[in-house]
There are 2 protein chains.
Amino acid sequence: MARKSASGRIGIADVAVKAGVSHATVSRVMNGNFTVDPDIAARVRAAAAELKYQPNPVGRSLALGKTDTIGIVVPDLANPTFQAILRGLSRAAAQDGYRVLIADSFEVSSEESILAGEARRRCDGLVLCAPRMTDAELEEIAPSLHPLVLINRTTAAPDIPSLVVDYGKGVEDIAEHLVELGHTRLAFLAGPPRSASNELRLKGLEEFKAAHPDVEVTMLEGGSDFNTGHEAVDAVLASGATGILAFNDLVAMGLMSGLHERGLDVPGDISVTGFDDIPFARYTTPALTTGAVPITELGEQAWHQLRALIRKEGNETPGGRYQPRLEVRASTGPARAPRSAVHG
Amino acid sequence: MARKSASGRIGIADVAVKAGVSHATVSRVMNGNFTVDPDIAARVRAAAAELKYQPNPVGRSLALGKTDTIGIVVPDLANPTFQAILRGLSRAAAQDGYRVLIADSFEVSSEESILAGEARRRCDGLVLCAPRMTDAELEEIAPSLHPLVLINRTTAAPDIPSLVVDYGKGVEDIAEHLVELGHTRLAFLAGPPRSASNELRLKGLEEFKAAHPDVEVTMLEGGSDFNTGHEAVDAVLASGATGILAFNDLVAMGLMSGLHERGLDVPGDISVTGFDDIPFARYTTPALTTGAVPITELGEQAWHQLRALIRKEGNETPGGRYQPRLEVRASTGPARAPRSAVHG
DNA sequence: ACCCGGTGAGAAAGCGTTTTCTCAGTTCTC
DNA sequence: GAGAACTGAGAAAACGCTTTCTCACCGGGT
């Protein structure tokens, strides 16, 4: 009667007994190996079906040395940007039969490398979003994480593709746009101090300032979430700027909300821009002018890069660079009292 | 020289050789078994550190019969509700050292049960969000998925906790609220036809209609995303209703956006309500009146229920019922031409 | 009639851990 | 000082699968 093995779950052995063949043959049949006599194969399949046998993936993984699972490390699952990356990654990976294991570091950068290592060991590859990790730390652990794909970070180590968004250029474009609207006093509501993508934005702003010495650009401390923007209202107003570049859409939305509470009109009194073009950006009132990043596509691309690494294919285009597209909506408008001449 | 095993990765065997002890002893030391001589333990630890040995989780899982991983099946990762559940689940599980494997069924309900089975076999337990799955199908696969926690579904099978949101009562509360504001013509912009939670809302509306025979309630077909709401503008206007209950916040936001484009004022001309209270609901203009569901907490609770099952603890409170809290914001206001007497 | 290549299936060796079993060496007891 | 109780570590089995190795068997060539 005791047909099932000790564990309670039915295993390959049970099927073998029921079909009157060896474990090996069952395995062969289950894996579509055609060196098995059709009659026997049928018997095995019948037995498997009757017992509702499903191979244990852990045993399989151990024998095969692969898990058909990839990991992704994100700093904050509440952030729409990482949600979108996860979505794109998950969808693309699923198409190739891979699953995604998530590791949320909850913005604790000290956890990131431990988490990454743990996740990597359970998976066949890893996608790492670690904006707060220091370069040194990244450089140190990156090789041990291979196959690895980096998002918005780069490393000197070879064989590690990086998918980066050109935040610098994006911010420049937005600043240009504001200038064209006649704004001469801008303010940048920065992101988290140690954020890599914030650094890129700052670099872009430097370029912009060099090209436009006449435009005043105030730097304001900030963060990456809605509250940051909401709480920055006073600082923004104190700056006297009429064109505000927020770190991202969330911050911009918080800022707009705060400005609205103060009875200020966007873009009548102040123009506000975001970054990322999260799904909700087009639905704020006014709709948010922002730098659109094809972020879901980036997640998808991350999988393709990772897949090439896992399959040890020659990666035709290792890494990739994404240019944000300026998405002009209703949150930006002409400066109230244009001092400088308007083009055209 | 060949200190590393065939696989390339260093394993317990390498540490054993380097420390001059057996595999068993290394394992004991790594697992903090104190029946090992301190000197030997120190030697092992030194060897492990020097080789940067990290136990292979797959081998460990096979021996231990557990993976320290749980799975979650969601119908759509783009939906803020499921993102929030995932977040709560992931955070709570991480605190107990568990990871989360995600399985997105992309609204393909036929995939849900296969996906669920696959995910379950790789994990120690499963959280299932399968709003489109038929009751029969659910009933059939649920037992094979144990340990299992259901979100917004119930099953006759014992030992399967269900975490359900009382959408019916929530919708009733919202309808009451609109009536109190003087609205006598309401419309319900329904969710996906075969959605379980939509059924619950409809039941709630039946209750409401029974209690308020004087109020007219129009049923409109719909869906669950932003576009649904946006495209429903004509139907909504045609209904002549002044108080609209949207299936969820996304739909409500789409509707408001569409109404705004038509030059209509919310809540001046029409009051709009959502459901869920997603993070963005408070930041729409006007801020959205909605039925707030503590959705992240629900994800957290899902883990606690699952944990009890995994640990085979007696589950003190199997399952749970969440009452939505009416969150009155600015998207609802007095009916334009109140025909009925206003209370008080 | 003998040998050889080919075919198909079982036996067994991994994969990398944990854990039971076993046993040598110590310490304790009377 | 001899046997019992204990301690600590190695040998080996187990976890569930895949895959190589091995070998019996069959048919065909000389």
Side-chain angles (χ1 to χ4, degrees), chain A residues 3-45 47-48 51-69 118 120-124, chain B residues 3-45 47-48 51-69 118 120-124:
Chain A
R3 177 129 298 175
K4 21 161 76 179
S5 69
S7 82
R9 266 187 50 76
I10 54 162
I12 205 172
D14 306 290
V15 180
V17 170
K18 181 155 192 112
V21 298
S22 70
H23 312 207
T25 301
V26 176
S27 171
R28 280 190 270 256
V29 172
M30 298 308 287
N31 294 335
N33 187 325
F34 290 115
T35 72
V36 178
D37 183 287
D39 288 356
I40 297 187
R43 218 164 69 220
V44 169
R45 263 189 280 273
L51 294 173
K52 293 200 204 309
Y53 167 68
Q54 303 283 150
N56 176 330
V58 178
R60 203 150 190 283
S61 289
L62 187 58
L64 256 31
K66 63 183 197 127
T67 60
D68 290 343
T69 301
E118 284 184 358
R120 174 58 188 83
R121 280 195 297 283
R122 292 178 186 277
C123 300
D124 298 345
Chain B
R3 177 129 297 173
K4 21 162 77 179
S5 70
S7 82
R9 269 188 47 78
I10 53 164
I12 206 171
D14 306 290
V15 180
V17 170
K18 182 156 191 111
V21 298
S22 70
H23 312 204
T25 301
V26 175
S27 172
R28 281 190 271 257
V29 172
M30 299 307 289
N31 295 331
N33 186 325
F34 290 114
T35 72
V36 178
D37 183 288
D39 287 356
I40 297 187
R43 218 165 69 223
V44 169
R45 262 188 281 273
L51 295 172
K52 294 202 203 310
Y53 167 68
Q54 303 282 149
N56 175 330
V58 179
R60 202 151 191 280
S61 289
L62 186 58
L64 257 32
K66 63 184 197 129
T67 61
D68 290 344
T69 301
E118 283 184 0
R120 172 60 187 84
R121 279 195 299 283
R122 291 178 187 276
C123 301
D124 298 345

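Predicted model only: the values in this text are computed from it and were never measured. Proteins get letters first, then strands, A, B, ... in listed order; numbering begins at 1 in each.
Listed here is the closest heavy atom pair of A:Thr67 and A:Ser61: CA-OG, 3.5 Å. Closest non-hydrogen pair, A:His23 versus A:Ile12, comes out as O-CD1, 3.7 Å. Taking each heavy atom of B:Val44 and B:Val15 in turn, the nearest pair found is O-CG1, 4.0 Å.
Considering only side-chain N and O atoms, B:Tyr53 lies under 4.0 angstrom from the phosphate OP1 or OP2 of C:dT17. Contact annotation: B:Asn31 reaches the phosphate of C:dT18 (side-chain N/O to OP1 or OP2, under 4.0 Å). Between A:Thr25 and C:dG10 there is a side-chain N or O to OP1 or OP2 distance below 4.0 Å.
Among C:dT19, C:dG10, D:dC17, the nucleotide with an atom closest to any side-chain atom of A:Pro55 is D:dC17. Among the nucleotides D:dC15, D:dA9, C:dT19, the one closest to the side chain of B:Leu62 is D:dC15. For A:Leu64, the listed nucleotide lying nearest its side chain is D:dT19; candidates were D:dG16, D:dA9, D:dT19. Taking every side-chain heavy atom of A:Ala24 into account, C:dA12 is the closest of C:dA12, D:dG10, C:dG8. With C:dG8, C:dT17, D:dC17 as the candidates, the nucleotide lying closest to the side chain of A:Arg60 is D:dC17. Among the nucleotides D:dC17, C:dG10, C:dT17, the one closest to any side-chain atom of A:Ile12 is D:dC17.
Rounded to an integer number of Å, the gap from A:Asn56 CG to C:dC15 C1' is 13 Å. Distance CG (B:Asn33) to P (C:dT20): 11 Å, rounded to an integer number of Å. Atom pair B:Arg9:CZ and C:dG14:P shows a separation of 20 Å (rounding to whole Å applied). Separating the CZ atom of B:Arg121 from the P atom of D:dG16 is a distance of 14 Å, rounded to the nearest angstrom. Atom-to-atom, NZ of A:Lys66 to C1' of D:dT18 comes out at 12 Å; the value is rounded to the nearest Å. Taking atom CG of B:Asp14 as the reference point, atom P of C:dG16 lies 9 Å away to the nearest angstrom. Separating the CE atom of B:Met30 from the P atom of C:dT18 is a distance of 8 Å, rounded to the nearest angstrom. Atom NE2 of A:His23 and atom P of D:dT20 are 18 Å apart (whole Å).
Counting any heavy atom pair closer than 4.0 Å across all strands shown, B:Thr35 reaches sugar-phosphate atoms only and no base atom. Note on A:Val36: only backbone sugar-phosphate atoms sit closer than 4.0 angstrom, heavy atoms only; bases stay farther off. At the heavy-atom level, B:Val58 lies nowhere under 4.0 Å from the strands shown.
Nearest-nucleotide mapping onto DNA chain C: of B:Gln54 and B:Arg28, the residue sitting toward the 5' end is B:Gln54.
Contact of the B:Ile40 side chain with the B:Arg43 side chain is registered, since non-hydrogen atoms from C-beta on lie closer than 4.5 Å. Counting only heavy atoms from C-beta outward, the side chains of A:Arg122 and A:Thr69 never approach each other to under 4.5 Å.
Distance check, rounded to the nearest 0.5 Å: CE of B:Met30 to CZ of B:Arg60 gives 9.0 Å.
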